[in-house]
Amino acid sequence: MNIEEINKGIVIKNIQNFHPIHTFECGQCFRWNKTDDNTYIGVVRDKVIEVELRGVDLYIYNISQEEFYHRWQDYFDLARDYSIIQEKLKIDPILKRAIDYGRGIRILNQDPWETLISFIISSNKNIPHIKKIIEYLSRSYGSMLIYKGKEYYTFPTPKQLSGLSIEEISKSKCGYRAKFIHAAVERVSNGDINLDYISSLSSHQTREGLISLYGVGPKIADCVMLFSMGKYEVFPTDVWIKRLMEYFYFKKPTSIKEIRKFANKKWGNLAGFAQQYLFYYGRSHGEIFK
DNA sequence: CCCCAGGCTTTAC
DNA sequence: GTAAAGCCTGGG
């Protein structure tokens, strides 16, 4: 990678297989917002980051080169060669179509705690509403950051949320999910469950551990594993993926369990990448599956 | 007004 | 084991 430090940021020259729109709109994250053409601002852990694709060069603002190698290369998954992944997956003609459409997707390496709560909130909700709830929680209980004179808020830590009543959490408009969030805060902040430890286990054990949380089922567990724990063999199967898989592969109604098994066998430790390309393609071509 | 939105828990076969 | 009902809330 050809990287240069510039005023207030870095630039990666001639970047391959990274596009901000595809990466930030493919459903894996909720705190990146478009501010201009090919420009996004996001709060990641304890920093506000601005990303802009200008031609073939990627500008990342509010970080140094040293920080890039220390944290952000991993967060944006920029050390991974996605062309190899794409080559392997493109053997499948349907994936070829999906990859051609979403070529610039990268799977972000997000914070497990934030990812867990975000996907607990996501159940039975649309994306704008999910983002609103997360924004409310961050503004109310996170820490304030200033970037270019504007206020931003970190996603609250377990400690910052501990002690809140279910009623207080409900003020975020998260509805019946408040009791799930409350339970997760309790179990994580009192040390009953340690997300870093859980992520170090085998995929099966990680999954079991996550599902042991109240309000966390197979779909949410898979999202947390894929988006924040580097478990790339999972295949989060939601209603969109289910519809798409039935339409393209099974030609008949198929259980989620069977779809996951199929994907695992077909794509192995690349199933998570396949899911992201398919999901993004499916969301953008939803009318096909009606 | 009714229906749905990136699921889960509970209850009933 | 698998299948259906009910769930908070906001927007169409």
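Owing to the predicted nature of the structure, the values given are computational and were not obtained by experimental measurement. Note that these values count all heavy atoms, side chains included, but never hydrogens, waters or copies made by symmetry. Numbered from 1 within each chain, the chains take letters A, B, ... in sequence-line order.
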Please pick, from [options], the nucleotide with the shortest atom-to-atom distance to any side-chain atom of [X].
X      : options              : value
A:H129 : B:dG7, C:dG10, B:dG6 : C:dG10
A:V239 : B:dT9, B:dG7, C:dT9  : B:dG7
A:N126 : B:dG7, C:dG10, B:dT9 : C:dG10
A:K179 : C:dC8, B:dG6, B:dT10 : C:dC8

Contact class for [X] (heavy atom, under 4.0 Å): base, sugar-phosphate, or nothing?
X      : value
A:K173 : sugar-phosphate
A:P128 : nothing
A:G27  : base
A:I127 : base

Ring-ring centroid check A:Y153 A:Y141, cutoff 6.0 Å: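 Between A:Y141 and A:Y153, which both carry aromatic rings, the centre distance is not below 6.0 Å.
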
A:Y82 and A:F18 aromatic centres sub-6.0 Å: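 Not close enough - the centres of the two rings lie 6.0 Å or further apart.
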
A:S203 versus A:E233, side-chain donor and acceptor atoms under 3.5 Å: yes

Atom pair distance, as rounded to whole Å: CH2 in A:W240 and P in B:dG7: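 Taking CH2 of A:W240 and P of B:dG7, I get 11 Å after rounding.
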
Rounded interatomic separation in angstrom, taking OH from A:Y136 and C1' from C:dG10: 16 Å

Residue A:H285 excluded, over 12 heavy atoms near NE2 under 6.0 Å: yes

Same-atom distance (P) from C:dG12 to B:dG6, integer angstrom: 13 Å

Atom C1', compared across B:dC4 and C:dC8: separation rounded to whole Å: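 Pairwise C1' distance, B:dC4 against C:dC8, rounds to 14 Å.
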
Residue whose nearest DNA chain C nucleotide is more 5′ - A:K132 or A:R177: A:R177

